[in-house]
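Structure, as C-alpha cells:
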Amino acid sequence: HGPFSNAVNSWINRTTAQIKSAIARELQVAPETITLTDSVSSGCNIPIWGLTWREGDHILLSDCEHPGIIALVEEIRQRFGIKVSTCPLLETLNGGDPTAAIAQNLRPTTRLVVISHILWNTGQVLPLAEIVAACRAATTQYAPVRVLVDAAQSVGVLPLNLSEIGADFYAFTGHKWLCGPAGLGGLYVRPEVLEEIRPTFIGWRGISKDPQGNPTGWLPDGRRFEVATSDFALYGALQAAIALHNEWGTAGDRLHRIQTLSHSLWQRLSALPAIACLRAAPPEAGLVSFQVKDYSPTTHSSIVNQLEKQGFLLRTIAHPDCIRACVHYFTTEDDIDRLIVALSALLNE
C-alpha cells in the first residue's frame, strides 16, 4: 500500500483513534485528552518544557523520583533560574503522611509538583487525589499548584479514574504493567490546563492548517503535542495487550490478584532471617523491595545476577539500596515458591 497512500492514511487514523479510545477507557477520561508518546520520560518532558518559566519559580520533587525526571528538572533549573527542592517521602513508607509532607514543603513560588503515583523504588502507593487537593488548596503565586505525575508503575496496576483524581498531567508507558510494546506511551492532560503548556517539538501531526495547507496554530486537543511519523504498528499491539488484560478480569480484579500474590511474596521474604523487606506492612501493589541484612556494596547486584541465571528477573535499586521484585496478576504461586527456594540457597538458609 505504500507508506502514505490513502489506504494507509485511513488505517493510521483508524488505529490511532482505536488505541486512544482503549487507553482512555483504562484511565476513565476522554480520548481527546490523550497524547501518544514513546515513553514516560517524553510525557514528562511535554508539560515541563511547555510551561512558561520565570526566574525564581519553584518545582517540588519527592526524594523518590526516577533519575530521568531529576535530570530533566535540573536542566530546567539551569536554563531558567528556577528553584528546585525535594520533600521527604521515603520516610513515610512505614508511617507518616505523604500529603502533609508535600503540603509542608510548598512555597509561595511553587508552580509545579512532580511526583510518582507508585514510587518506583519502594512500591509505596501515594494518595494522589489527596495530594492534588492539597496542591489546589495551597496559597501560592500560581494557585493552584500544578501536579505532574510519573505513572510508570501505576498504569496497568491500579484501577484509575483520572477525571476524579484531578492530576493535571499524567505520563505513562505501555511496555511496563500493560505489557505492550516498548516505544509507546502517553500523556493525559487535564482539559482545563491544556492552554497553559505550549508544544516544544513541533510537526505536522500537531498543527491546524488553512485550506492551502499553511499552519494556523495547534490542534485543539492532545494531538497538538504529537510531532510526526511514529511506529504506528505499535498502536495495535498495545490495543491487543489492553484487550487481553480485560479478558482476564477488571482492573479491580487484576489489582486484587496482584495484591494477593505480592502479599504472599512479602510474607515469605519476611520469614527469611537474612532478609528485611522495606515495607513493614504488606505491599499495596506489585512492587516488593527488600534488603539483605548486613550486606556489602556488591551483595544485592550479585544476588540479582545469580537469580537471573536461574530465570528470575529482579533488579537492584540504588536509593534506597535494595532489590526489587515485580509481581503481576499472572505471576503464579509456584513462581514465588521457586524464588524463595533460590534465595534461601543463595543465602545459605
Is a side-chain donor-acceptor pair under 3.5 Å present for [Y] with [X]?
X: Thr216; Y: Ser208; value: yes
X: Glu74; Y: Gln78; value: yes
X: Asp38; Y: Ser42; value: yes
X: Thr250; Y: Asp253; value: yes
X: His319; Y: Asn121; value: no
X: Arg223; Y: Thr16; value: no
X: Thr299; Y: Ser302; value: no
X: His66; Y: Ser116; value: no

Requested in this report: Any chance you could measure Ile303, atom CD1, to Gln291, atom CD, to the nearest 0.5 Å?
Outcome: 11.5 Å
Query raised in the report: For the residue pair Tyr329 and His245, does the interplanar ring angle fall in the parallel (under 30°), tilted (30 to 60°) or perpendicular (over 60°) class?
Result: perpendicular
Query raised in the report: Between Tyr235 and Phe232, what is the ring plane arrangement, given parallel below 30°, perpendicular above 60°, and tilted in between?
Result: perpendicular
Query raised in the report: Of all residues at least two apart in sequence or in a different chain, which pass the ring-ring contact (aromatic ring centres under 6.0 Å, His included) check with Phe201?
Result: none
Requested in this report: Mark yes or no for whether Arg279, through its side chain, and Pro282, through its backbone, hold a donor-acceptor pair below 3.5 Å.
Outcome: yes
Requested in this report: Using the six-membered ring of Trp248, assess whether NZ or CZ of Arg254 lies under 6.0 Å from its centre and within 45 degrees of the ring axis.
Outcome: no
Query - same_hphob_cluster(Leu119, Val40) at 4.5 Å side-chain heavy-atom cutoff - result: no
Under 4.0 Å between a Lys/Arg side-chain N and an Asp/Glu carboxylate O for [X] and [Y]?
X: Arg257; Y: Glu333; value: yes
X: Glu226; Y: Lys20; value: yes
X: Asp221; Y: Arg224; value: no

**Report entry** Under 4.5 Å side-chain linkage, directly or through intermediates, the cluster mates of Trp120
**Finding:** Ile317
